[in-house]
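Scroll down for the structure; my scribbles are underneath it.
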Amino acid sequence: MGFLSVLSFAQQMVKERVQLGDRVVDATMGTGVDTLFLAQLVGERGHVAAFDIQAQALELTRKRLDSGLGLDAAAHVDLRLASHADLVGALPPEWHGQTAAVMFNLGFLPAAEADKAVMTEPSTTLAALEGALALLRPGGVLSVVLYPGHDGGDREADAVQAWAAGLPQVVGQALIYRILQRPHAPYAIAIEKRRS
């Protein structure tokens, strides 16, 4: 048996800390893979908020949810056409400090017809990560999948890694999951918010 893929690793970190009925966030919904995963994890009693700046991402995610959960079964999922940098202001106060997990899958929309020039940027991503920490409850987890192999992705990955490495341990602990022999391959960072 081989190692987990970076996407599977990110989902495993979340799965170990999320329960039915929890509040969770997909900060960069893309095609909805993590949105569906989170919706199944928290069940109909839970709540999922998913963000993306492209209408195409919302359409692809809605189709994935309808296919994976059945038509109209995703009433507990809120798809928002908004930047991940705005997630704190977009979510009601009861989410602040009470969210079990926030997932980020950075880069561009991985759809054949998508505009690859539209991608996450270090400045908005770092703002979103700070916001995500504020949303997390003690023991909650933040997962970030990074793509240093494409133009711009390398700078974003470096910025996110530096941000995570600089987090005070009183805030949380950060770890990295990476194939060391492939420096341009995707990798993941997970952060667990310190328990009070």
Side-chain angles (χ1 to χ4, degrees), residues 5-115 118-120 124-125 127-145 188 190-193:
S5 71
V6 293
L7 297 175
S8 295
F9 170 81
Q11 289 186 347
Q12 186 63 36
M13 291 294 100
V14 169
K15 186 176 182 180
E16 291 174 0
R17 290 159 179 84
V18 172
Q19 300 175 1
L20 288 172
D22 277 342
R23 293 183 181 98
V24 292
V25 175
D26 182 355
T28 53
M29 78 177 81
T31 62
V33 172
D34 288 334
T35 308
L36 176 60
F37 164 74
L38 290 168
Q40 292 170 327
L41 212 55
V42 301
E44 292 181 11
R45 291 189 349 243
H47 300 281
V48 181
F51 294 80
D52 208 291
I53 61 169
Q54 297 181 78
Q56 183 182 11
L58 274 71
E59 293 169 23
L60 292 168
T61 299
R62 176 60 59 206
K63 287 179 185 175
R64 186 178 298 274
L65 291 171
D66 289 347
S67 175
L69 300 175
L71 290 175
D72 301 323
H76 64 299
V77 181
D78 182 13
L79 303 183
R80 295 174 179 245
L81 185 63
S83 170
H84 58 328
D86 300 328
L87 57 90
V88 170
L91 293 172
E94 57 267 22
W95 287 67
H96 297 214
Q98 299 298 320
T99 301
V102 182
M103 299 185 78
F104 290 79
N105 194 335
L106 301 176
F108 49 78
L109 182 61
E113 63 281 359
D115 181 358
V118 178
M119 65 180 90
T120 54
T124 54
T125 295
L129 290 168
E130 287 289 342
L133 275 179
L135 289 174
L136 287 180
R137 67 186 181 204
V141 68
L142 170 62
S143 72
V144 189
V145 177
I191 297 166
E192 182 180 52
K193 190 167 184 178

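Here the structure is a predicted model, which is why all the values come from computation and not from measurement.
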Q. Does the pair Val24 and His47 meet the rule for a side-chain contact (heavy atoms from CB on, under 4.5 Å), with working shown?
A. CA-CA 6 Å; Val24 292; His47 300 281; over 6 Å; no
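- Of all the heavy atoms in Ala132 and Leu87, the pair that sits closest is N-CD1, 4.1 Å.
- Contact check for Thr99 versus Val25: side-chain heavy atoms found under the 4.5 Å cut-off.
- The line from CD of Glu59 to CZ of Arg62 is 11.5 Å long, rounded to the nearest 0.5 Å.
- Between the side chain of Asp26 and the backbone N or O of Thr35 there is at least one donor-acceptor pair closer than 3.5 Å.
- A salt bridge does not link Arg23 with Glu94: none of the charged nitrogens is closer than 4.0 Å to a carboxylate oxygen.
- The side-chain heavy atoms of Val18 and Val42, taken from C-beta on, include a pair separated by under 4.5 Å.
- Rounded to the nearest 0.5 Å, atoms CG (Leu69) and CD (Glu44) are 8.0 Å apart.
- If you check the side chains of Glu16 and Gln12, you find a donor sitting under 3.5 Å from an acceptor.
- Without hydrogens or angle criteria, Ser67 side chain to Lys63 main chain gives no donor-acceptor distance under 3.5 Å.
- The closest donor-acceptor contact from the side chain of Lys193 to the backbone of Leu133 lies under 3.5 Å.
- You'll find the side chain of Val33 stays beyond 4.5 Å of the side chain of Leu7, heavy atoms only.
- Of the inter-residue distances, the one linking Phe104 atom CZ with Asp34 atom CG reads 11.5 Å to the nearest 0.5 angstrom.
- At least one donor-acceptor pair closer than 3.5 Å links the side chain of Thr28 to the backbone N or O of Asn105.
- Scanning all heavy atoms of the two residues, the minimum distance from Val77 to Ala39 falls at CG2-CB, 3.7 Å.
- For the pair Ser83 (side chain) and Ala85 (backbone), a donor-acceptor distance under 3.5 Å is present.
- Side-chain atoms of Thr31 and Thr61, non-hydrogen and from C-beta on, never get closer than 4.5 Å to each other.
- Met29 approaches Leu58 most closely through the heavy-atom pair CE-CD1, 3.7 Å.
- A salt bridge links Asp22 with Arg137: the distance from a Lys NZ or Arg NE/NH1/NH2 to an Asp or Glu carboxylate oxygen falls below 4.0 Å.
- Within the 4.5 Å cutoff, the side chain of Leu135 has heavy atoms near those of the Leu91 side chain.
- Met103 places a side-chain heavy atom less than 4.5 Å from the side chain of Gln11.
- Looking at His76, its side chain never comes within 3.5 Å of a backbone N or O of Gly21 through a donor-acceptor pair.
- In this structure, the separation between CG on Leu81 and CG on Asp52 is 8.0 Å, given to the nearest 0.5 Å.
- Under a 3.5 Å cut-off, the side chain of Arg17 and the backbone N or O of Ala101 do not form any donor-acceptor pair.
- Once rounded to the nearest 0.5 Å, the distance linking CH2 of Trp95 with CG of Leu136 reads 11.5 Å.
- With rounding to the nearest 0.5 angstrom, the NE2 atom of His84 is 11.0 Å from the CZ atom of Phe51.
- Between Asp66 and Arg64 no salt bridge is recorded (no basic side-chain N to carboxylate O distance below 4.0 Å).
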